[in-house]
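Everything numeric here is computed off the predicted structure, so don't read it as measured data.
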Amino acid sequence: MGAEATETFVPKQAQQPQQMEQVQQVPQIPNPGGVPGWALVDVLMHQAPVGFAAFGNDLRICKANDAFARAVGHDQKDSLGMLPADLWPEPFASLAEAALRKVLAEGLQLTEPGYPPTITAFWFPIQEATTTAIATTTATTADTGTGAGQDSNEVTGVGLLLVPAEAAGASLGPAEEALRRSEERYRSLVQGGAQVVWVAERDGAMKEDAPEWRWITGQSVEEFVGDGWLDSIHSEDRDRVERGWRECVRTGKTFDDRYRIRTKGGSYRHYDVRAVPIERNGKIIEWVGASTDVTSQREAEEMRGRLTEQLSAAALRTARLQQATSMLAEALTVEQVVEVITEVGRTAIGALRSAVALLEPDNIRLRVVNDDLRNAPDSPGWPLTLDSPSVMTKAIATRRPVLVEDPEDLRKQFEDELDIDPQRIAQSSDERSWVGLPLLAAGAPLGALRFSFGRPRRITEEERVFLEALAGQCSLAVERAAMYEREHTTAETLQRSLLPDQLPSVPGLVMAARYLPVARNMEIGGDWYDAFWLADRRLAVAVGDVMGKGLIAAAGMGRVRNALRALALTDPRPAAVLGGLDRLFQATELEEQVTTVAYLVLDPVNGDGVLGNAGHLPALILDKGKAPRFDEVEAGTPLGWASPRKQHSFALLPGSTAVFYSDGLVENRSRGLDAGLDELAAVAARAEPDVQDQPELLLQYLVDRMLAGHEQDDDVTVLVVHRP
């Protein structure tokens, strides 16, 4: 094209006059000073300060000057034949391609920011008429007989001028300069942000190309326009987005949504979209929207959500572990320990079942405490021994947790030991994953803890740490419970052996006695009672309480009972017996060992007797036809606290009853001692006469009424003596 332009300024000398006249009718480019045409071309191609390039219909460069080559960073010759994508980075390459297509299609001039932003790009059509006017030769005009202005206006290419922005704005007026700057700012804002700006028709169809969108999605212009943009939206979001978009187009409301867009690489990114209607004269003429990439924000929110969930789960597991520690501290039997572990496992990790198996004394067999594992998928049968392959026995053997994610994993881990068919498990069991944890005490195995789940599950590292800590707590609790059970059995055997097997048969008297150990924590206390014949055929009756629990209290009770019998057979007077017990306590018992006792010597023939009291609760007296009353004998101090011991006369009239008892009958955590004594008297007053006359019935009546509605937290001892 440059060579053809030269012919305009350097006409051939062989032209005829008529032809010369026609050439003179073509608008001529001013040529001051008579500069030759080839010199102007040289100025444009090699010396001009602005970049110039010509693009063909195939969007490739066919002409370019030195300034353009410098602007795009390519050699002038190398740039020929290049496409916009070869010249510029994204997104300007897509913008340039869109501008080329628009100029070719519509024949309009465009002014847009260039690359870099300090350059302004002027795009203009190269039309057939212009080319003809510039390249007209004498022969052409002679043949056509027409002027250049009568040729076709078909666009045959696109010209591009790259002008520094300050130079481009120098010739503009104030209004045009303000508009240009506004457009530049808007474009810079859009290009510099993570937004995709698009324009839609009033009916919601995309009417203009959006290069940024296509650069992200990889769609062509044809695939994007109309409703094609919806094809890039995630299938789970598309129906919702399309319905929302159609509804906003119908009602004219602002469109706000968030959806996922498939990129040209196949991945998805999250975008917040907002579109507003553009109105003119009260009618919507188009929609302008912006899609903002919020993938990083969404990923940060999801990460924050996951961290929050993990922290919440960790806090919950910590709270559950603390709860387990507190509950296990109160569990005094292995069954209670397993009950706590079952509850914690169910609430903290969603276990379907849990079981604890403990080694028998032979260290071969395992005793399963709370579950029947005969048909468990991970157990070969019954009885369970250390030689039996199972999740629990493997945990004991390896001293490490055994984690089984699903039936197939179970088959792999026990491939040579168990005949496991995952399909058969699915039909016969509701368990789908398992955890086995060893229970160790000082490195030695006590047994194993087993959890099962109703779905395949991979135990996370945090859950594994929690389960190991739970197993450690379980081990300590099981060891403590086993030791306590042994001590409890020994103490109970000792205490039962020290209480009389049966009360003596005494003519003229009817007696009944009951000892009730506390059931809540199975602790054996120091309550006791005794009744025996003296040498003078009188009856000795004693009820006492050694403060404390366990073997120490039981042993202390045995010493007091035996000493009292020995002293009574020597000198049965209550003052002498209690004084002797004081001396015994001062010599052999610890100062903090508090012991109380009520001691009565009674003549069964006439009901006369003598009573002494060393800090014990007063006897309840039920006289025929009178209100219940408490014996007024001075209580005195507990044994071992030196004080003059006294004794007082005591009379049991015909039809009267004396009730001796320990503090466990009247006092507990919710009822004080004084209130308990008042309630005991009131309960006794409501007893029917036939109940009062039968010691067994009266004893059961008082125990039932006094313990009703209260948790028994201490031993209860009651001895009833009735004179018919």
Side-chain angles (χ1 to χ4, degrees), residues 491 494-495 497-500 513 515 517-518 523-532 534 538-602 609-620 630-650 658-667 673 676-677 714-719 721:
L494 174 62
Q495 186 172 34
S497 67
L498 296 176
L499 295 174
Y515 167 72
V518 62
E523 289 185 318
I524 295 299
D527 287 13
W528 59 281
Y529 64 90
D530 200 1
F532 54 92
L534 295 172
R538 289 186 297 173
L539 182 69
V541 177
V543 174
D545 187 1
V546 178
M547 302 301 175
K549 303 295 180 183
L551 284 174
I552 295 178
M557 177 266 291
R559 290 192 298 272
V560 173
R561 176 179 177 271
N562 292 334
L564 185 145
R565 279 200 171 207
L567 292 170
L569 293 174
T570 302
D571 184 352
R573 292 175 303 131
V577 170
L578 296 180
L581 290 176
D582 281 335
R583 291 189 296 273
L584 173 67
F585 264 68
Q586 290 174 353
T588 63
E589 300 297 325
L590 299 176
E591 292 182 0
E592 61 268 17
Q593 186 68 62
V594 179
T595 302
T596 65
V597 62
Y599 171 57
L600 170 67
V601 176
L602 184 67
V610 182
L611 175 65
N613 192 330
H616 203 75
L617 296 175
L620 177 68
F630 290 102
D631 182 73
E632 297 180 356
V633 173
E634 184 179 350
T637 60
L639 295 179
W641 295 14
S643 63
R645 293 301 176 182
K646 300 178 181 180
Q647 60 187 33
H648 304 273
S649 60
F650 181 88
V659 180
F660 297 90
Y661 51 91
S662 65
D663 58 350
L665 182 68
V666 295
E667 186 180 26
L673 180 59
L677 292 174
D714 197 1
D715 295 349
V716 174
T717 299
V718 182
L719 175 62
V721 180

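Of the possible polar contacts, none joining the Q647 side chain to the G612 backbone as a donor-acceptor pair under 3.5 Å is found. Using modelled atom types, one side-chain atom of Y599 and one backbone atom of P572 make a donor-acceptor pair closer than 3.5 Å. Here the side chain of Y661 pairs a donor or acceptor atom with the backbone of P618 at under 3.5 angstrom. Panel note: side chain D582, backbone G640; a donor-acceptor pair is recorded below 3.5 Å.
In this structure, the side chains of L581 and R559 stay at 4.5 Å or more apart for every pair of heavy atoms. You'll find the side chain of L584 stays beyond 4.5 Å of the side chain of L639, heavy atoms only. The shortest side-chain heavy-atom distance between D530 and L564 does not fall under the 4.5 Å cut-off. The side-chain heavy atoms of V560 and F585, taken from C-beta on, include a pair separated by under 4.5 Å. Side-chain contact check for T595 versus P638: every heavy-atom pair is 4.5 Å or farther apart. By the 4.5 Å heavy-atom criterion applied to side chains, L673 and V666 are counted as neighbours. Contact check for V543 versus H616: side-chain heavy atoms found under the 4.5 Å cut-off. T717 is not listed as a side-chain neighbour of F660, based on a closest heavy-atom distance of 4.5 Å or more.
Between atom OG1 of residue T596 and atom CG of residue L617 there is a gap of 7.0 Å, rounded to the nearest 0.5 Å. Remark: R561 CZ to W528 CH2 distance equals 8.0 Å, nearest 0.5 Å. Rounding to the nearest 0.5 Å places CG of L567 at 11.0 Å from CG of N562. The line from OH of Y515 to CG of L719 is 15.0 Å long, rounded to the nearest 0.5 Å. The distance from atom CG of L620 to atom CG of L677, rounded to the nearest 0.5 Å, is 9.0 Å.
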- Could you check R573 against L578 for side-chain contact (heavy atoms from CB on, under 4.5 Å), going step by step and ending with a plain yes or no? CA-CA 9 Å; R573 292 175 303 131; L578 296 180; over 6 Å; no
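Residue A568 comes nearest to L534 through the heavy atom pair O-CD2, 3.9 Å, listed as atom of the first residue, atom of the second, then distance. Residues D631 and F650 approach most closely at OD1-CD1, 3.8 Å, considering heavy atoms.
Checking each of L600, V610, N613, L611 against P574 for a side-chain contact (heavy atoms from CB on, under 4.5 Å) leaves exactly one that passes, namely V610.
For S662 and D545, the side-chain atoms include no donor-acceptor pair closer than 3.5 Å.
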